[in-house]
Amino acid sequence: MGLYIKQLRAGHDFARNNNFAAQMANFVYIIGDDAEKVCMLVDPAWDVRGLLDCVEREEMKLTGVLVTHYHPDHVGGSIFGHDIAGLSELIGQASVKAHVNVLEKDGVKIVTGLSDSDIATHSGGDEILIGSQKLTLLHTPGHTPGSQCFLIGGALVSGDTLFIGGCGRVDLPGGNAEQLYYSLTQTLGKLPDDTILYPGHDYAAAPTSTIGEEKRENPYMKNRAKD
């Protein structure tokens, strides 16, 4: 009993009748303490009622939301002519706060319409307790200025910073290739090799990996030259 992580795929575990959600292949995570029966959702979007139902089926109480970055497929909003449910709808139903890196706050507010009172801001290195489970927020800029990953109990939820065999784009507003290089090779690359990687999208043959495997096989981590 203790740390609980459940990986949920858009178009399969929730938003089952949404072809666009299935195409985008986002992962949402339930991270919790299964002894104390409390949890947080990571990047809840696409199907708020379906995600809250997943939490209820686990017989857990939702105590907050963890946000990796502000893009609409992760927090809700409009993208490619599609309106996506997300933080605004969830917080309206569950009355919890969204935990956001301080540099991502304005982007989250613009995309979702959340107010300051809905958001708890953090810096890299901050820690959050989910029940008795300690989660560390890692600031990993590059995909966006305030992108963050979540490290808990030997597991890393990486959002769009690090994928299995790839990494997040840097050609969108706020993207920065040099920052992402340091986030991948320094911040994440220094984690123990056996750290389990839980990415933000289902873009690979397997849904999880390890930091060690990515350092050996992922071209964006194994190539140490910045250029």
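FYI, the numbering just counts along the sequence from 1.
Judged by distance alone, the side chain of D83 and the main-chain N or O of S78 form no donor-acceptor pair under 3.5 Å. A side-chain donor-acceptor contact under 3.5 Å links K97 to the backbone of S117. Side-chain atoms of N26 do not come within 3.5 Å of backbone N or O of H201 as any donor-acceptor pair. In terms of modelled atom types and a separation under 3.5 Å, the side chain of D47 and the main chain of R16 share no donor-acceptor contact. Judged purely by atom type and a 3.5 angstrom limit, Q148 has no side-chain atom pairing as donor or acceptor with the backbone of H69. Within the 3.5 Å criterion, the main-chain N or O of S183 finds no donor-acceptor partner in the side chain of Q186. D73 places no side-chain N or O within 3.5 Å of a backbone atom of A45 that could act as its donor or acceptor partner. Without hydrogens or angle criteria, T136 side chain to G125 main chain gives no donor-acceptor distance under 3.5 Å.
The OH atom of Y70 lies 12.5 Å from the OG1 atom of T112; values are rounded to the nearest 0.5 Å. Note that OG of S158 and CD1 of I164 are 8.0 Å apart. Values are rounded to the nearest 0.5 Å. Rounding to the nearest 0.5 angstrom, the gap separating the OG1 atom in T185 from the NZ atom in K215 is 10.5 Å. Here the OG1 atom belonging to T121 is positioned 10.5 Å from the NE2 atom belonging to H99, to the nearest 0.5 angstrom. Separation of atoms CG (D202) and NE2 (H12) is listed at 10.0 Å; rounding is to 0.5 Å. Of the inter-residue distances, the one linking T140 atom OG1 with Q179 atom CD reads 10.5 Å to the nearest 0.5 angstrom.
Across every non-hydrogen atom of C167 and T161, the tightest pair is CB-O, 3.4 Å.
A single hydrophobic cluster is not seen to contain both L138 and V42; linkage of ILVMFWY side chains at heavy-atom distances under 4.5 Å, directly or through other members, places them apart. When the side chains of ILVMFWY residues are joined at heavy-atom separations under 4.5 Å, either directly or via intervening members, L103 and L137 end up in two distinct hydrophobic clusters. In the hydrophobic clustering of ILVMFWY residues, with side-chain heavy atoms under 4.5 Å counting as a link, M40 and V67 come out apart.
Ring pair Y29/F27 is tilted by interplanar angle, where 30° to 60° counts as tilted.
Within the structure, the salt bridge (charged side-chain N to carboxylate O under 4.0 Å, His left out) test picks out the following pairs touching residues 120-135 (sequence neighbours left out): E127-K134.
A salt bridge between D118 and K109 is absent, with no side-chain N of the basic residue lying under 4.0 Å from a carboxylate O of the acidic one. Using a 4.0 Å cut-off between charged nitrogen and carboxylate oxygen, D160 and R169 do not count as a salt-bridge pair.
For Y220, the ring pair (Phe, Tyr, Trp, His ring centres under 6.0 Å) criterion is met by no residue, not counting sequence neighbours.
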